[in-house]
2 protein chains.
Amino acid sequence: MNSNFTLAVHSLTLLSLMPDRMSSSDAIAESACVHPVRIRKVLSLLRKNGIITSKEGTGGGFIFAIDPGEVNLWEIYKITAEGSLQPKCPDVNEQCLVGANMKNVLLSIFSDAETHLGEFLSKYSIEDVVANVKQT
Amino acid sequence: MNSNFTLAVHSLTLLSLMPDRMSSSDAIAESACVHPVRIRKVLSLLRKNGIITSKEGTGGGFIFAIDPGEVNLWEIYKITAEGSLQPKCPDVNEQCLVGANMKNVLLSIFSDAETHLGEFLSKYSIEDVVANVKQT
DNA sequence: AATACTGTAACATTTAAGATTACATTTAGT
DNA sequence: ACTAAATGTAATCTTAAATGTTACAGTATT
């Protein structure tokens, strides 16, 4: 899985610790040690999905649009990393019985597996993550 | 996930269709459309884990060491792709409460998730995959 | 001895991820 | 109205990971 998921969770965790003011991509980027543009890209996805809002201009930034307890890790996974459980199936020799069908068989199995993963990740909200981070 | 898992399953499926003679890396590579050296590398892992045996020299190649009904997808996943569910956690600013603990929190959650994935993938043997491939 | 394989290391190439630059746009403050 | 501080996004560059290729030593079969 690429790091967009981690970046999204990291950013949301920071935002939930700053519930009453906007955080800039620069500030978030500094905590996550990545380029601010990447933060803006990832948070742009979250914004389009209604999880956060953003404001341009002086004093602008990002802030939660809903209760952090209402957002779970599965939603974030779907937005930032869907399909990354799926194994890569390179092109194969279609002449061959195995080649011709392997992709479909694995796709079907891992599609089910991702559904299970979803049930598991749905149990963790951003609030839970915040609690865990604080507790350590 | 990289394609080693898919290549391993592909190869084992071919081998289970050829239970009474050895298959060469060249033959498998042709079906999977990859370089024979890659097949040898992946199958080398399976050999070290006792799933197949190999023989060098004329007439050599690869063959199942055990019953294809005894090998499940989780074992193959562990050998070829373990940890690939884990989201990437780039280095972070340790000065920051969130940065310092995010990695551990996510690691713990996804470690559990991988256990669940294991239970799911354990239900599918290579024999099941072969049956599915044939059926299509 | 010749041929056909595996095993593995070294190197080259390609692809994907991520960083950086650039700039248009928006907003707030003076 | 002007300036400064922010997002939005496209384009490009760089780096890292995946994959392909070559090379060759070792082994078994004929």
Side-chain angles (χ1 to χ4, degrees), chain A residues 1-8 10-11 14-15 18 21-49 51-65 80-84 86-93, chain B residues 1-8 10-11 14-15 18 21-49 51-65 80-84 86-93:
Chain A
M1 199 188 316
N2 69 23
S3 58
N4 284 354
F5 175 82
T6 302
L7 278 180
H10 190 127
S11 302
L14 286 173
L15 293 189
M18 297 285 181
R21 66 176 180 82
M22 304 206 105
S23 308
S24 72
S25 59
D26 268 39
I28 299 170
E30 187 167 8
S31 163
C33 283
V34 296
H35 202 277
V37 171
R38 251 194 100 196
I39 296 293
R40 298 208 285 271
K41 279 180 191 163
V42 172
L43 294 194
S44 177
L45 294 172
L46 299 180
R47 176 177 49 77
K48 283 167 185 161
N49 282 272
I51 292 170
I52 59 176
T53 55
S54 65
K55 210 172 75 173
E56 305 184 5
T58 305
F62 301 89
I63 197 166
F64 251 104
T80 60
E82 183 150 46
S84 55
Q86 201 69 226
K88 268 186 208 149
C89 297
D91 289 342
V92 293
N93 187 341
Chain B
M1 200 189 317
N2 68 24
S3 59
N4 284 355
F5 175 82
T6 301
L7 278 180
H10 190 128
S11 302
L14 286 173
L15 292 189
M18 297 284 180
R21 67 178 181 80
M22 305 206 105
S23 307
S24 73
S25 61
D26 269 37
I28 299 170
E30 187 168 8
S31 164
C33 283
V34 296
H35 202 277
V37 170
R38 250 195 102 194
I39 296 293
R40 299 208 285 270
K41 279 180 190 163
V42 172
L43 294 194
S44 177
L45 294 172
L46 299 180
R47 176 176 50 77
K48 283 166 185 160
N49 283 273
I51 293 171
I52 58 177
T53 56
S54 65
K55 211 173 74 173
E56 304 182 6
T58 304
F62 301 90
I63 196 166
F64 251 104
T80 61
E82 183 150 45
S84 55
Q86 200 70 227
K88 269 185 207 147
C89 297
D91 290 342
V92 293
N93 188 341

A/Ser54 side chain N/O closer than 4.0 Å to the phosphate oxygens (OP1, OP2) of D/dG8?
-> yes
Is any side-chain N or O of B/Ser44 closer than 4.0 Å to OP1 or OP2 of C/dT8?
-> yes
Which of these nucleotides, D/dG8, C/dA9, D/dA5, is closest to any side-chain atom of A/Thr58?
-> D/dA5
Distance in angstrom units between B/Phe62 CZ and D/dT27 C1', rounded = 13 Å
Take atom CG of A/Leu45 and atom C1' of D/dT7, then tell me their distance rounded to the nearest Å.
-> 14 Å
Starting from P on C/dT27, measure out to CD1 on A/Ile63 and report it in whole angstrom.
-> 16 Å
Phosphate OP1/OP2 of C/dC5: any B/Ser25 side-chain N/O under 4.0 Å | no
If you pin A/Gly59 and A/Arg47 to their nearest nucleotides in DNA chain D, which one's is more 5'?
-> A/Gly59
B/Phe62 and B/Leu15: which non-hydrogen atoms are nearest, and at how many Å?
-> O-CD2, 3.5 Å
Determine: side-chain N/O of B/Ser3 to OP1/OP2 of D/dA18, distance under 4.0 Å, yes or no.
-> no
Does the side chain of B/Arg38 get closer than 4.0 angstrom to OP1 or OP2 of D/dA18 through an N or O atom?
-> no
Taking all heavy atoms of B/Arg47 and all of B/Ser54, pick out the closest pair and write down the distance.
-> CD-OG, 3.1 Å
Length of the line joining B/Asp26:CG and D/dT22:P, which is rounded to integer Å | 13 Å
Mapping A/Asn4 and B/Gly61 to their closest nucleotides on DNA chain C, which lands nearer the 5' end?
-> B/Gly61
Could you check how far CE of B/Met22 sits from P of C/dT6, rounded to whole Å?
-> 9 Å
Please name the pair of heavy atoms, one in B/Ile52 and one in B/Leu43, separated by the smallest distance, quoted to 0.1 Å.
-> CD1-O, 3.5 Å
When all nucleic acid strands are considered with a 4.0 Å heavy-atom cut-off, which category describes B/Val34: base, sugar-phosphate, or nothing?
-> sugar-phosphate
Looking only at heavy atoms, which two atoms of A/Val92 and B/His10 are closest? And how far apart?
-> CG1-CE1, 4.0 Å
Just call it for B/Lys41: base, sugar-phosphate, or nothing, with non-hydrogen atoms closer than 4.0 Å on any strand.
-> base
Measure from CG on B/Asn2 to P on C/dA17 and round the result to the nearest Å.
-> 13 Å
Between D/dT9, C/dT27, C/dT25, which nucleotide gets closest to the side-chain atoms of A/Glu56?
-> C/dT25
Working to the nearest 0.5 Å, report the span between OG of B/Ser24 and CZ of B/Arg40.
-> 9.5 Å
Can you see which heavy atom on A/His35 is nearest to which on A/Ala29, and at what distance?
-> C-CB, 4.1 Å
Hey, does B/Arg40 reach any base, or is it just sugar-phosphate, or nothing, if we go heavy atoms under 4.0 Å?
-> base
Between B/Ser24 and A/Lys88, who's closer to the 5' end of DNA chain C by nearest nucleotide?
-> B/Ser24
Considering just the side-chain nitrogens and oxygens of A/Lys55, establish if one lies under 4.0 Å of OP1 or OP2 belonging to D/dG8.
-> no
Provide, to the nearest angstrom, the distance between the CD1 atom belonging to A/Ile39 and the P atom belonging to D/dA6.
-> 15 Å
Find the distance A/His35:NE2 to D/dA6:P and express it as a whole number of Å.
-> 15 Å
